[in-house]
Amino acid sequence: EFTSMTWFIGVFAYYLLFAVLVIYYELRGCYEMVRYNKENFEKYDEKNLGQPAEFFDVIKQAILLRQLRALSGFETVSYIAQEQSATTDYKKVKDIDKSTGIKCRITLMFVKVGWYKSLEEPKQIYDVDEVRERYPLVTRTSWGLEQLFFRDPNEHFMAIVKGENAITNSQAHSSFVCEILGQLLTLIFVVSFMVWFESSRFLIAFVIIIVILYGLSKFRSSYALLKVHQKIMEDTAGNSDIATSLTLIRHMYRLTEPTEVLCWLHLFTELVLFKLFPIIALFLAGNAELAGVFFSITFVT
């Protein structure tokens with residue numbers, strides 16, 4: 001028993017130290033990213049703040065950036081590029097599919113009451129792949145039905161359509177058919193599950209509409225890729241110098257930004273509703289152990 005407890009405590013201490021170091025370096029990396037980015041680097045050098053003042057100002061900027069990401073209104077721009085390197089200026093590209101969500105439309109309404117401000121020039125929001133300039137390649141050998149069907153809808157990818165490793169016509173058509181069957185099976189599964197639970201007809205109809213609307217965007221994207229692939233294969237028959245790849249591009253642009261007052265109000269509301277209130281409720285219920293665990297987890301996150 002003593003040996004088992006010693007082993008357990010040792011393993012626990014090792015993983016605890018590992019978790020603390022991981023969190024430390026993650027926070028340090030985030031701090032340096034905010035402190036030394038091109039927008040803040042010159043500002044902090046000009047102000048010449050002391051170490052404590054600069055530290056708390058960077059923390060403030062990080063909090064506001066997080067709230068800005070959560071509350072801002074975004075527009076999604078999708079298009080298909082038919083060249084090796086895709087342009088980031090969607091104004092130069094044809095056949096653009098713009099999507100402005102309900103959240104963005106609501107923020108545009110709040111611009112009139114002063115809670116939000118509308119940007120004259122939309123700001124592009126870059127993801128990790130764009131920063132690293134990494135676009136996953138889909139070739140004849142790397143192609144797979146499960147890979148394309150379960151991929152992130154917001155992920156960029158480049159499909160090779162001409163050349164030695166180009167995807168075949170059967171692979172392109174199989175991806176399109178798999179998309180249709182996958183969405184259909186998802187709809188049948190959801191409806192069957194709700195019927196089994198004896199849900200109301202109104203609720204089942206509402207869920208069917210939601211699932212169809214969700215799958216419609218993926219269907220349109222797959223259909224557009226198939227049509228462009230067929231057109232390139234017809235135009236480049238016997239000529240491999242016109243186009244060699246298709247790149248599916250999705251960019252996010254920020255159209256509205258919340259005011260600083262709204263950001264701090266949102267943070268205060270989050271802390272009260274999702275942090276402070278559950279801890280108080282657990283203590284009042286007499287579950288101090290769970291309250292301590294919840295406080296530790298929320299403190300880290």
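As a member of the Ile/Leu/Val/Met/Phe/Trp/Tyr network built from side-chain separations under 4.5 Å, Trp196 groups with Phe193, Phe197. Met33 belongs to no multi-residue hydrophobic cluster, having no ILVMFWY side-chain contact under 4.5 Å with any other such residue. Counting side-chain heavy-atom gaps under 4.5 Å among Ile, Leu, Val, Met, Phe, Trp and Tyr, the cluster of Phe295 also holds Ile279, Leu282, Phe283, Leu290, Phe294. Members clustered with Ile188: Leu184, by chain and number, using a 4.5 Å side-chain heavy-atom cutoff among hydrophobic residues.
Considering only heavy atoms from C-beta on, Leu262 comes within 4.5 Å of Thr259 through its side chain.
Hydrophobic cluster membership differs between Leu65 and Leu265, with clusters built from Ile, Leu, Val, Met, Phe, Trp and Tyr side chains linked at under 4.5 angstrom. Put simply, Leu187 and Leu203 are part of the same group of oily side chains (I, L, V, M, F, W, Y) that touch within less than 4.5 Å, one to the next.
Between the NE2 atom in His266 and the CG atom in Leu271 there is a gap of 10.5 Å [rounded to 0.5 Å]. To the nearest 0.5 Å, the span separating CD on Glu75 from OH on Tyr253 amounts to 9.0 Å.
A distance-only check finds a donor-acceptor pair linking the side chain of Tyr116 to the backbone of Leu71 [under 3.5 Å]. Thr256 places no side-chain N or O within donor-acceptor distance of the main-chain N or O of Leu108, the cut-off being under 3.5 Å. In this structure, the side chain of Ser72 does not engage the main chain of Glu257 through any donor-acceptor pair within 3.5 Å.
A salt bridge links Glu260 to Lys60: one of the charged nitrogens lies within less than 4.0 Å of a carboxylate oxygen.
For Trp264, the CH2 atom is densely surrounded, since the number of other residues' heavy atoms within 6.0 Å is greater than 12. Within 6.0 Å of OH on Tyr31 lie more than 12 heavy atoms contributed by other residues, nucleotides or ligands. At most 12 heavy atoms of other shown residues, nucleotides or ligands fall within 6.0 angstrom of atom CD1 in Ile102.
Lys103 is linked by a salt bridge (Lys or Arg N to Asp or Glu O under 4.0 Å) to nothing, counting only residues two or more places apart in sequence or in another chain.
Judged by the 6.0 Å and 45° rule, Arg69 forms a cation-pi pair with Phe74.
Applying the salt bridge (Lys or Arg N to Asp or Glu O under 4.0 Å) definition to pairs two or more places apart or across chains, those involving residues 13-29 are Arg28-Glu32.
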